[in-house]
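The analysis underlying the following values was restricted to heavy atoms, covering all of them including side chains, and did not include hydrogens, waters or symmetry mates.
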Amino acid sequence: MTKDNHRQQFPALANKAYFNYGGQGPLPEPALDAIYQGFKRVQLGGPFSAQVLAWVVQEAMLTRRAIASELTVPPETIALTEDVTVGCNIALWGIDWKAGDHLLISDCEHPGVVASVMELQRRFKIEVSICPLAATLNEGDPVAVIADNLRPNTRLLVISHILWNTGQVLPLTEIVKVCHQTKVKVLVDAAQSVGVLPLNLIESGVDFYAFTGHKWWCGPEGLGGLYVSAEALADLHPVFIGWRGIVTDANAKVLGWKSGSQRYEIATSAYPLYAGLRSAIALQHEWGTIEERYAEICRLSKYLWERLSELPDVECLRTSAPEAGLVSFRLMNKMPHQQLVALWEKQGIMVRTIPSLDCVRACVHYFTTEAEIDKLVGAIAIA
C-alpha cells in the first residue's frame, strides 16, 4: 500500500500537518466503521442478552490475542484497561507496600504517574527517590545511573520505555537485568513505545508494561492494556475489582480471581472499541511490518531533526538523530512556545509544548510525509 493511499484512510490528516501522535493518533476509517458496527450489533442483539454477552467474551479474547501478538507475549498475560495511567495504577497499587520500602522513579515520568507515586508515599510511608535520567539524553549510561540509585530496600523501578518529553529510548532489557539481580521489579510506562518499537516483552524480562491503543496504534481512546509477567502475577493483587476479574460458582458465590491478568479487569466497558483497535492494528500491518514501520519512523524523525538543526535560533534537545518518532526542540529569541503552537494550529500544523522542559514536541509516524515536515520547518523559520 502506498503512503498516499494509506493516509487517505485517516480523516484527521486531511488539510493539516499532524505531529501529535504521542498525544493521540488519528483514527482510520476502517476502525471508525468497526466501532459503529459493534455498537449497532449490541443494540440489534439486545444490550443485556446472552447473545451479546457471548459476543463480548469473544471480542475480548480476540483483542487480547491481537495485542499479545504485537508484544510477543501469551494472551493470558494481558489485562484490558482504559489507558496507560490505569495500567500503571494497577501495578503501583497492587504491590503490598510496607513502610520503609523504596520506590525509584525517573525524572522524566508523566505527571499522572508521578502523582500516583506521591500518594503511595503519603499513604504507605514508603521512600521515594528520583533517578536522574534526563542527563543521559546525549551522553552517559542510563543503566549505570539506575544501578547507582538502587537501594537494598528498593522494590520497584518506574520508568518509561521511550521518554515522553525528550524521545530517548531506554535500553529496557539491560535495565531489567540490573534490577532483577537484586529482586527489584520494573514497571514501564509504554505510552510512547507500543506501536513504535518492535517488542518482545518475554525476552526483555519486564514485570509490568502499561500501554494504550489511542496513540501510536491510532486506535480509539478509552482502550489500553497492562502486561503482567507470569513471574510477577502472584505478588500483584487486584486493585479495582469487578465481575470480569473474578470466578464465581452457579450461585454467584465468589471463588477467587481469574487465572491470568484478566483478574485486573473490572466490569462493563465500551466493547465495540475492541474491534476498532484490532482494525487499527491490522491496517498498520497492511503498510508494512513493525520493523519496516519503525525504520520509516526513524528515517523521518532524522529528516525532521536535520532540517531543524539547520535553522538559526533552533535548539534540538538531542545532539544526534532521534531513535524514535519524538523530536523535541526549543526556539530561541522567539515568542513563547505556547503562543507559537497556538499560531501554528491555526495554520493547520499540530504540535505541542512540553512545559517542564520549555520546549516544543513534534511526533512523526511512519505515514508522515516529507512535505508535512517541510511545512512545519517553514513555519518555524518565519516565526
Side-chain angles (χ1 to χ4, degrees), residues 21-22 61-81 84 87-88 90-91 106 141-143 146 156-164 167-181 183-213 215-219 223-234 236 260-262 264 277-278 280-299 301 322-326 365-366:
Y21 299 97
M61 180 188 67
L62 292 173
T63 304
R64 289 190 203 94
R65 286 179 179 175
I67 291 172
S69 178
E70 298 298 298
L71 307 185
T72 321
V73 298
E76 60 269 19
T77 62
I78 299 296
L80 299 176
T81 67
V84 174
C88 287
I90 291 171
S106 95
D141 181 2
V143 181
I146 288 171
L156 184 69
L157 169 69
V158 181
I159 56 170
S160 297
H161 199 162
I162 298 179
L163 303 184
W164 76 289
Q168 181 180 4
V169 181
L170 296 182
L172 181 60
T173 302
E174 291 79 3
I175 290 171
V176 171
K177 183 177 180 180
V178 165
C179 289
H180 282 186
Q181 288 174 355
K183 298 183 179 180
V184 176
K185 288 185 169 58
V186 179
L187 164 61
V188 172
D189 178 335
Q192 305 301 336
S193 54
V194 165
V196 175
L197 301 177
L199 295 171
N200 188 322
L201 298 190
I202 297 294
E203 288 188 359
S204 76
V206 69
D207 301 285
F208 314 112
Y209 203 80
F211 54 91
T212 186
K215 294 181 184 284
W216 297 90
W217 268 339
C218 296
L223 178 57
L226 172 68
Y227 162 78
V228 180
S229 72
E231 294 75 17
L233 184 75
L236 187 72
S261 294
Q262 192 178 342
Y264 306 113
L277 178 58
R278 297 199 309 274
I281 293 172
L283 180 64
Q284 298 199 2
H285 283 281
E286 290 184 21
W287 189 87
T289 65
I290 181 61
E291 290 79 12
E292 291 169 336
R293 301 195 306 269
Y294 177 55
E296 183 69 354
I297 288 172
C298 290
R299 184 186 74 81
S301 60
E323 302 167 307
L326 280 66
H365 217 319
Y366 67 91

Contact summary for Glu291 and Pro198, nearest pair of heavy atoms:
OE2-CB, 4.1 Å
Given 3.5 Å as the limit, does a donor-acceptor pair link the side chain of Gln284 with the main chain of Ile281, or not?
no
Could you grab the distance from atom SG of Cys179 to atom CD1 of Ile159, nearest 0.5 Å is fine?
7.0 Å
Pair His365-Glu296, side-chain contact (heavy atoms from CB on, under 4.5 Å): steps then yes or no
CA-CA 8 Å; His365 217 319; Glu296 183 69 354; over 6 Å; no
Check whether any side-chain heavy atom of Ser106 sits under 4.5 Å from a side-chain heavy atom of Val158, and report yes or no.
no
Taking everything shown except Arg299 itself, do over 12 heavy atoms lie less than 6.0 Å from its CZ?
yes
Could you tell me the separation between the CG atom of Leu223 and the CZ atom of Arg278, rounded to the nearest 0.5 Å?
10.0 Å
Answer with yes or no whether the side chains of Trp216 and Gln192 bring together a donor and an acceptor at under 3.5 Å.
yes
Using a 3.5 Å distance criterion without hydrogens, assess whether the side chain of Asp207 forms a donor-acceptor pair with backbone atoms of Ala232.
no
Per-pair distances, 0.1 Å, donor-acceptor, side chain in residues 70-80, under 3.5 Å, sequence neighbours excluded:
from  : atom 1 : to     : atom 2 : distance (Å)
Glu70 : OE2    : His285 : NE2    : 2.7
Thr72 : OG1    : Leu199 : O      : 2.7
Thr77 : OG1    : Pro74  : O      : 2.6

Within this structure, what is the CG-CD distance for the pair Leu170 and Glu323, rounded to the nearest 0.5 Å?
9.0 Å
Should the pair Tyr366 and Trp287 be assigned to parallel (<30°), tilted (30 to 60°) or perpendicular (>60°) ring geometry?
tilted
Glu203 to Thr173 - nearest heavy-atom pair and separation
O-CG2, 4.1 Å
Test side chain to side chain contact (heavy atoms under 4.5 Å, CB included), reference Phe208, set Leu156, Val186, Asp189, output is Leu156
Is it true that Tyr209 and Ser229 share a donor-acceptor pair across their side chains at a distance under 3.5 Å?
no
Separation of Ser204 OG from Tyr227 OH (nearest 0.5 Å):
6.5 Å
Taking every non-hydrogen atom, the tightest pair across Ser160 and Val188:
C-CG1, 4.2 Å
Quick one: CD1 on Ile297 to CD1 on Ile290, what's the gap to the nearest 0.5 Å?
6.5 Å
Across all chains, not counting sequence neighbours, the side-chain contact (heavy atoms from CB on, under 4.5 Å) partners of Val143 are Asp141, Pro171, Glu174, Ile175, Val178
Considering all heavy atoms of both residues, which atom of Pro142 and which atom of Gln168 are nearest to each other, and what is their separation?
CG-NE2, 4.3 Å
What one should report as the nearest heavy-atom pair of Lys215 and Gly22 is NZ-O, 2.8 Å
Looking only at non-hydrogen atoms, find the nearest pair between Trp217 and Thr212 and report the distance.
CE3-O, 3.9 Å
Nearest 0.5 Å, what's the CG-CG distance between Leu226 and Leu236?
7.5 Å
